[in-house]
Amino acid sequence: MKKKSSILLLSALAIFIVIAVEGFFVYHIYHLETEKFDFRYRGILQKGLDYLNKKEENPGLGGVFYLMEFPAKTALEYFHDNDPDTVKFKENVLAALHKTLTEKQKVDGSLKSYLKKMKIESEFNSIFRITHLVLLGDDLDIPIYNSKKDSTWIYPDTLGIKKNQIPVNHYSFIGDHYEIGIDYYVDFDHKKAEVFRAVTASLIIAVLALLIVCLIFLLSVRNLMEERRLSQLKTDFINNMTHELKTPLSTISVATRTLENETILSDREKSREIVTVIRRQNRQLTKQINHLLEISMWERKQFSLDRRILELEPFFTGIAESFRWECQERKCSLEEKYCLVNKTAWLDEVQITVALHNLLINAIKYCTQEPLVILEVSCEDRLIISVTDNGIGISKEDQKRIFDKFYRVSTGNVHKVKGLGLGLFYVKQIVEAHGGTVEVTSRIGKGSTFTINMPAHGKNKNTVS
Ligand code: ADP
């Protein structure tokens, strides 16, 4: 069992590694696709700028550089008057020039027209980042901002460059009142969607592979649990069988030892009594051994139906009658409700008798009060047989499993109620061989109803597979 647990642990670890490796690959594919997108669009945009450059110098920014002279000049005057050599002053100057730059620039307009002309997706946002700015005074130059030195400034968000923005160009300009350097970035609206589309195929393959691995893992776990359950059931079965065989054997052993006693041997009456006990226990042993042989026969799938047309009413009254005889000791009441006048069905008489007997016996076996059993049978196109009892009932969880081979409800698995967990398994096999179904409805402490439903004259298979 330890070995199996470590196999499970190793499988779980393998799945974890597969997930990590797949995640790593998908992440890298995403990055490669992003870089591919950036490379492609950067090339296109630079070609566009080259094309526009041929028409004018600094296309889209020529006029802006001229307009930025005004805030630069105002700042210089303000500086002369108040000499405010503070970070606040510098931030304000930078903000004023940046505002003029972003509001008045026409670079993106020109580029968008170019992209449209080239029939390329043209929805993007422009981002201008001032990399350095110096005010040029008459007597001295006032450095305002340098991205390398002043990177810790709190300044408009537009200075923070986000990952999906593509660097396109760098502009430098020296005017009358200022000198400036600008990085130009572009952020395409469709970038994420396009990259995601390119990654989708890899993502689907990765998820599919993962699902298959998980499925295999789950199936292995299920098989392992099933194996564990069967081995547990087998152990229970062997324990029960050993108990069933040991009881008559020890009785026989005690009885024979008693018979060896000379005084008992001379008492004919006593001897006959002991012989009867031996014979009864011997019968019990034979029954158990036959049971075992029967199991092995079912295992080898040699069970076959021998169907004939049966008059139903006498058939069921006969079964009820012998059941009453069998249970005389338990003061059991059996109520019969038939709707079978002149009805016949095509059944294997022996097997249906076994199935019904198993249901009736269980009805009194698993009952702690005076048993009241109701046998109800009706037949139209289908033969419906139900056995209702006032027994201990079966929990919802156990109802799903009581038809499994060797399954016994754990409280029922104490030797107080003898059994091998095969009765209901046989019932199910027999009913299914007739093309029918068997179901149970039950409530703990309130009793159970087992219902067999099968075609009365079906052309169904007559061999259990
Ligand atoms: P066995 O009676 O030999 O244990 P069965 O296959 O006939 O095996 O029944 C399986 C289990 O289902 C039983 O151990 C018992 O716990 C439960 N069971 C069967 N019939 C009834 C019933 N009528 N009322 C309550 N429990 C039942």
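Given the structure is predicted, the values throughout are model-derived calculations rather than measurements. One-based numbering, in listed order, for ligands and for the atoms of each.
Within the structure, ligand 1 has I394 among the residues with a heavy atom less than 4.0 angstrom away. A heavy-atom separation below 4.0 Å is found between F450 and ligand 1. Residue G421 places a heavy atom less than 4.0 Å from ligand 1.
Within the structure, the side-chain hydrogen bond (donor to acceptor under 3.5 Å, both in side chains) test picks out the following pairs touching residues 354-364 (sequence neighbours left out): E326-H357.
Contacts of Y407 with ligand 1, taken as heavy-atom pairs under 4.0 Å, involve the backbone alone.
With atom 5 (P) of ligand 1 as the reference point, the heavy atom nearest to it among V440, L424, D404 is part of L424. The nearest non-hydrogen atom to atom 19 (C) of ligand 1, considering only N362, D398, V387, comes from N362.
In terms of polar-atom proximity, G393 is not counted as a contact of ligand 1, lacking any N or O under 3.5 Å from an N or O of the ligand.
By the 30° and 60° cut-offs, the orientation of the rings of F188 relative to F37 is perpendicular.
Atoms of ligand 1 found under 4.0 Å from any heavy atom of K365 (numbered from 1 in listed order, with element): 1 (P), 2 (O), 3 (O).
If you look at F403 and F425, their ring centroids are not closer than 6.0 Å.
Of the residues listed (R222, R229, R228), the one engaging E226 in a salt bridge (charged side-chain N to carboxylate O under 4.0 Å, His left out) is R229, and it is the only one.
More than 12 heavy atoms of other residues, nucleotides or ligands sit less than 6.0 Å from atom CZ of F217.
Counting only N and O atoms by type, the side chains of Y185 and S126 include no donor and acceptor under 3.5 Å apart.
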